[in-house]
There are 2 protein chains.
Amino acid sequence: MSDLLERLRGRGWRMTAQRRVVAEVLDGEHVHLTADEVLARATARLPEISRATVYNTLGELVSLGEVIEVATIGRAKRYDPNAHRPHQHLTCSGCGAIRDVHPVGDPVDELPATERFGFSVSGAEVTYWGRCPDCVRTSEPPAPH
Amino acid sequence: MSDLLERLRGRGWRMTAQRRVVAEVLDGEHVHLTADEVLARATARLPEISRATVYNTLGELVSLGEVIEVATIGRAKRYDPNAHRPHQHLTCSGCGAIRDVHPVGDPVDELPATERFGFSVSGAEVTYWGRCPDCVRTSEPPAPH
DNA sequence: GTATCTGCAAATTGTTTGCAGTCTA
DNA sequence: TAGACTGCAAACAATTTGCAGATAC
């Protein structure tokens, strides 16, 4: 179950109750929680955990390369533990749900040399957007917000 | 010169000195300013403009579809006036410079049906990252931050 | 003339930090 | 035991909002 926790132990990461709970809450596929959501779920398991510790721990997991930060427009950033398998994201503009997806090919190959402006290009992040089955069905107005 | 301003006038957008200056500051290609930068440049031309008005105006330009918001991790979002020609972004992880780029093909076509989870996919946003010529040359340490 | 816009200042939201006390390895 | 981690509260950064006065059309 807990791949993330396993990896962290293996790397000699100092383990405390708080850190374990944060790692447990984050573990899995298609997990993209905000710091606040992590705090809420962690608190449910360990009421004495503090917001600062959640932020500290998330920041450390990002530095370790075990968790990826996902930028969002106008909202709190999200934390994605699926750091060891390259993937992209598919976001529902209705409800904000996010899925991990795997496009065919490498997006970087789609960028011709004439469009690179002399940059040394090392990667690409793709965010697909659309409407999830639920939001399509209930045919909410297309405006996200 | 000022395509953006032209379009806004054409759409019957109420014109004030403040709004004109914001639109002028934003106009062009490869322009990706933060609200703060817009404020700074607008203030240079019109010292009495306020921060709130810059935010109000930017928000309105986004609602009108004349300007696009670009998300960044941990930093203030950027405003991109190049809303009428589909494009993607190439970011320098050294200095943060951003260029508008045009990959070949449509990124959406790269996402197989089996990876769509029943979503109705309507678009994709791609952020390429790498190092710009200057940052490659000065060979700064690869870490952004 | 009037609906809309503007500036000011205060409120919100998301995140970081300083520091004394606590705990893991 | 020592160095690392934690909680609290205060600081910060980015953005939004309420409201009285100003202004474009």
Side-chain angles (χ1 to χ4, degrees), chain A residues 5 8-26 32-64 66-80 96 145, chain B residues 5 8-26 32-43 45-64 66-80 96 144-145:
Chain A
L5 214 39
L8 291 169
R9 277 193 222 280
R11 296 181 63 167
W13 197 52
R14 188 168 196 161
M15 192 59 64
T16 66
Q18 293 81 340
R19 286 169 161 219
R20 181 177 45 74
V21 167
V22 168
E24 284 172 1
V25 157
L26 272 178
H32 310 89
L33 301 173
T34 62
D36 236 44
E37 289 166 346
V38 171
L39 173 63
R41 296 182 189 203
T43 301
R45 303 187 187 194
L46 183 69
E48 42 282 322
I49 197 172
S50 77
R51 180 177 300 272
T53 295
V54 168
Y55 274 104
N56 286 342
T57 305
L58 289 173
E60 193 157 344
L61 291 174
V62 170
S63 302
L64 286 171
E66 295 290 349
V67 164
I68 291 168
E69 292 179 313
V70 181
T72 61
I73 21 180
R75 321 206 133 281
K77 64 184 136 183
R78 292 178 174 278
Y79 295 87
D80 178 349
H145 208 272
Chain B
L5 214 40
L8 291 170
R9 278 192 223 280
R11 296 181 64 168
W13 196 52
R14 185 170 199 160
M15 192 59 64
T16 65
Q18 291 82 340
R19 286 171 162 216
R20 180 177 46 73
V21 167
V22 169
E24 284 173 1
V25 157
L26 272 177
H32 311 89
L33 301 173
T34 63
D36 235 45
E37 289 165 346
V38 172
L39 173 62
R41 297 181 189 204
T43 300
R45 303 186 187 195
L46 183 71
E48 42 282 323
I49 196 171
S50 77
R51 181 177 299 273
T53 294
V54 167
Y55 274 105
N56 286 341
T57 304
L58 288 173
E60 193 158 341
L61 291 174
V62 170
S63 303
L64 287 171
E66 295 289 350
V67 164
I68 290 168
E69 291 178 313
V70 181
T72 60
I73 21 178
R75 319 205 136 280
K77 65 183 136 184
R78 293 180 173 275
Y79 295 86
D80 178 351
H145 206 267

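A note on names: the letters A, B, ... follow the listed sequences, proteins ahead of strands, and every chain is numbered from 1. Heavy-atom basis, side chains included; hydrogens, waters and symmetry copies ignored.
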Do side-chain atoms of B:T72 reach the backbone of B:A76 as a donor and acceptor pair under 3.5 angstrom?
-> yes
Would you kindly give the CG-to-C1' distance between A:D36 and C:dT15, to the nearest whole Å?
-> 11 Å
With B:V54 as reference, evaluate B:V25, B:V21, B:V38, B:T43 under the side-chain contact (heavy atoms from CB on, under 4.5 Å) test and give the passing residue.
-> B:V38
Residues in side chain to side chain donor-acceptor pair (under 3.5 Å) contact with B:E60, at least two apart in sequence or another chain = B:W13, B:R19
Could you walk me through whether A:V22 and A:L61 pass the side chain to side chain contact (heavy atoms under 4.5 Å, CB included) test, one step at a time?
-> CA-CA 10 Å; A:V22 168; A:L61 291 174; 4.3 Å; yes
May I ask you to evaluate whether A:Q18 reaches the phosphate of D:dG7, defined as a side-chain N or O under 4.0 Å from OP1 or OP2?
-> yes
How is B:N56 classified with respect to the nucleic acid when contacts are heavy atoms under 4.0 Å: base, sugar-phosphate, or nothing?
-> base
Rounded to whole Å, the CG-C1' distance (B:L39 to C:dG7) equals 12 Å
D:dA14 P sits how many Å from A:R75 CZ, rounded?
-> 19 Å
Roughly, in whole Å, what's the span from CG in B:L58 to C1' in D:dT17?
-> 16 Å
So, is A:Y55 close to the C:dT16 phosphate, meaning a side-chain N or O under 4.0 Å from OP1 or OP2?
-> no
Evaluation steps, side chain to side chain contact (heavy atoms under 4.5 Å, CB included), between A:L5 and A:M15 = CA-CA 10 Å; A:L5 214 39; A:M15 192 59 64; 3.9 Å; yes
Rounded to the nearest angstrom, tell me the gap between atom CD in A:E37 and atom P in C:dT15.
-> 11 Å
Of all heavy-atom pairs linking B:R11 and B:L64, the shortest is NH1-O, 3.0 Å
Once each nucleotide of nucleotides 19-25 of chain D is scored for protein heavy atoms under 4.0 Å, what B/S/- sequence comes out, 5' to 3'?
-> ----BBS
B:R19 near the nucleic acid: base, sugar-phosphate alone, or nothing, with a heavy-atom cut-off under 4.0 Å?
-> sugar-phosphate
With B:E37, which of B:R78, B:K77, B:R75 fulfils salt bridge (Lys or Arg N to Asp or Glu O under 4.0 Å)?
-> B:R78
To the nearest 10 degrees, what angle separates the axes at the start and end of the helix from C:dG1-D:dC25 to C:dA25-D:dT1, five pairs each?
-> 40°
To the nearest 0.5 Å, how far apart are CG in B:L33 and CG in B:L58?
-> 9.0 Å
Take the protein atom NZ of B:K77 and the nucleotide atom P of C:dT15, then report the distance between them rounded to whole Å.
-> 13 Å
Tell me, for nucleotides 8-13 of chain C in 5' to 3' order, what letter each nucleotide earns: B for a base near a protein heavy atom under 4.0 Å, S for only sugar-phosphate near one, - for neither?
-> B-----
Which residues share a side chain to side chain donor-acceptor pair (under 3.5 Å) with A:R9, sequence neighbours left out = none
State, with a plain yes or no, whether a side-chain heavy atom of A:L8 is found less than 4.5 Å away from one of A:E66.
-> yes
Check the distance between C:dG14's P and A:E69's CD and give it to me in whole angstrom.
-> 15 Å
A:R41: side chain to side chain donor-acceptor pair (under 3.5 Å) partners, not counting sequence neighbours = none
Go through the steps to decide whether B:E69 and B:Y79 satisfy the test side chain to side chain contact (heavy atoms under 4.5 Å, CB included), and finish with yes or no.
-> CA-CA 5 Å; B:E69 291 178 313; B:Y79 295 86; 3.8 Å; yes
C:dT24 P sits how many Å from A:R9 CZ, rounded?
-> 13 Å
Assign each of A:E60 and B:A35 to its nearest nucleotide of DNA chain D by heavy atoms, then name whichever residue's nucleotide is nearer the 5' end.
-> A:E60
